[in-house]
Amino acid sequence: KLVRDFGSTDSTFGLNASAGLRVGHLEVLTNAVGVGKVRRNGNQADVQIDGAYALPSVGFAGVIPGQKGRMKLAVGGRLKYANVVYSHLIVDSNGNATPAPEMNGRETETSQGVAADLGLMWKEDEGPLSFGIAVSNLIKPRGSNPNTSTLVTAASVGAGYVTKNATFAVDLVDITSVSGTAQFRTGAELIVGKLPLRAGYSSATGFTYGTRIFGLDLAFSKRAPLEIGQSIRF
């Protein structure tokens with residue numbers, strides 16, 4: 001099914017899923033992420049799939065006490081017991097799959113270990129400015145397959161400006177370009193009366209516009225003509 005859906009042309013695809021519980025600053029999260037690539041080569045398709053799931057992932061964040069000055073520093077971290085799965089198959093036109101040479105005859109390779117993320121944020125004590133940096137997988141499990149792309153160490157930086165009726169943000173995602181080309185993202189939200197007006201740009205997906213009507217978030221873009229979403233917090 002994978003080859004039939006994605007093998008007609010060179011393709012990439014992905015999956016994310018999560019479920020969790022948050023109490024104050026403590027968050028216990030079960031999450032999974034996977035990416036895949038299909039590349040045509042004559043009558044064959046080269047299929048690479050790698051994914052990671054964390055059972056569980058525990059995080060904590062807070063402002064460092066005793067600070068003086070205009071900007072305050074907050075630190076956050078997350079520990080994950082990661083299970084990393086990798087597969088590289090050569091599929092012929094009849095759908096027969098053969099493990100690639102580096103798989104040594106196995107269809108999948110699995111490794112486990114502890115991974116960790118780190119985040120830092122500086123925010124004005126009584127002002128609208130904030131700056132942050134996040135490093136995902138600062139610590140990776142030992143022995144993880146170097147061919148996997150779901151558990152790489154990547155750093156991102158960003159800044160925000162938040163007032164009562166306006167929010168502005170700018171981010172540079174994966175500044176070290178370990179997962180591909182670094183992505184530039186920026187967005188804004190203005191509250192006009194009770195109606196939020198939103199616009200944003202991502203170098204990976206282009207421009208998006210949106211608003212919130214009757215409790216639903218609406219987003220419009222060329223790549224995804226209409227997205228409807230809702231966040232429930234309690």
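No experiment lies behind these values; they were computed from the predicted model shown. Just so it is clear, the values below take in all heavy atoms, side chains as well, and ignore hydrogens, waters and symmetry mates.
- Remark: T153 OG1 to D117 CG distance equals 9.0 Å, nearest 0.5 Å.
- With rounding to the nearest 0.5 angstrom, the OG atom of S202 is 9.0 Å from the CZ atom of R223.
- When side chains are defined from C-beta on, K140 does not count as touching V114, because their heavy atoms never get closer than 4.5 Å.
- For the residue pair G215 and R212, the shortest heavy atom distance occurs at O-NH2, 3.1 Å.
- A continuous path of ILVMFWY side-chain contacts below 4.5 Å connects V38 to V91, so both sit in one hydrophobic cluster.
- No side-chain heavy atom of I90 sits less than 4.5 Å from a side-chain heavy atom of D92.
- Once rounded to the nearest 0.5 Å, the distance linking OG of S221 with CD of E227 reads 6.0 Å.
- Hydrophobic clustering of Ile, Leu, Val, Met, Phe, Trp and Tyr side chains at less than 4.5 Å, counting indirect connections, unites W122 with Y161.
- Within the 4.5 Å cutoff, no side-chain heavy atoms of T186 are placed close to those of D171.
- Taking each heavy atom of G34 and T150 in turn, the nearest pair found is CA-CG2, 4.1 Å.
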Apply side chain to side chain contact (heavy atoms under 4.5 Å, CB included) to the pair R185 and V173, showing each step before the final yes or no.
CA-CA 8 Å; R185 301 175 184 174; V173 180; 3.7 Å; yes
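- L79 and L120 are not part of a single hydrophobic cluster, where members link through side-chain heavy atoms under 4.5 Å apart.
- Taking every heavy atom of both residues into account, T110 and V85 meet most closely at OG1-CG2, 4.0 Å.
- No side-chain N or O of N31 forms a donor-acceptor pair with one of K80 less than 3.5 Å apart.
- Between G105 and P99 the shortest heavy-atom distance is O-CG, 3.8 Å.
- A heavy-atom distance below 4.5 Å is found between the side chains of M103 and Y86.
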Verdict with reasoning, D46 to K37, per salt bridge (charged side-chain N to carboxylate O under 4.0 Å, His left out)
CA-CA 8 Å; D46 186 292; K37 296 180 181 180; over 6 Å; no
Got a list of side-chain donor-acceptor pairs under 3.5 Å for residues 14-21, not counting sequence neighbours?
none

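- There is no path of hydrophobic side-chain contacts, each under 4.5 Å, that joins V33 to F13.
- Taking every heavy atom of both residues into account, P196 and T211 meet most closely at O-OG1, 2.6 Å.
- Remark: of the listed residues T163, V162, L190, L190 is the sole one forming a side chain to side chain contact (heavy atoms under 4.5 Å, CB included) with F168.
- A heavy-atom distance below 4.5 Å is not found between the side chains of V47 and H88.
- Taking CG of N104 as the reference point, atom CD of E109 lies at 7.0 Å (rounded to 0.5 Å).
- Side-chain contact check for T176 versus D174: some heavy-atom pair is nearer than 4.5 Å.
- The ring pair (Phe, Tyr, Trp, His ring centres under 6.0 Å) analysis of residues 173-209, with sequence neighbours excluded, yields the pairs Y201-F207.
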Side-chain donor-acceptor contacts of residues 54-77 below 3.5 Å, not counting sequence neighbours, with atom names and distances?
unit_1 : atom_1 : unit_2 : atom_2 : d
Q67    : OE1    : L73    : N      : 2.8
Q67    : NE2    : I64    : O      : 2.7
Q67    : NE2    : L73    : O      : 2.8
R70    : NE     : E124   : OE2    : 2.5
R70    : NH2    : E124   : OE2    : 2.2
K72    : NZ     : G69    : O      : 2.7

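- When the side chains of ILVMFWY residues are joined at heavy-atom separations under 4.5 Å, either directly or via intervening members, L138 and L172 end up in a single hydrophobic cluster.
- Here D50 contributes atom CG and T108 contributes atom OG1; the two are 12.5 Å apart, rounded to the nearest 0.5 Å.
- Proximity of L89 to T98: side-chain heavy atoms (C-beta onward) are nowhere separated by under 4.5 Å.
- Pairing each heavy atom of L151 with each of A82, the nearest pair is CD2-CB, 4.2 Å.
- Here CD1 of I191 is found 11.0 Å from NZ of K164. Values are rounded to the nearest 0.5 Å.
- Judged by distance alone, the side chain of N83 and the main-chain N or O of A52 form no donor-acceptor pair under 3.5 Å.
- F131 has its side chain out of reach of V157: every pair of non-hydrogen atoms, C-beta onward, lies at least 4.5 Å apart.
- Within 6.0 Å of the OH atom in Y81, the count of heavy atoms belonging to other residues, nucleotides or ligands exceeds 12.
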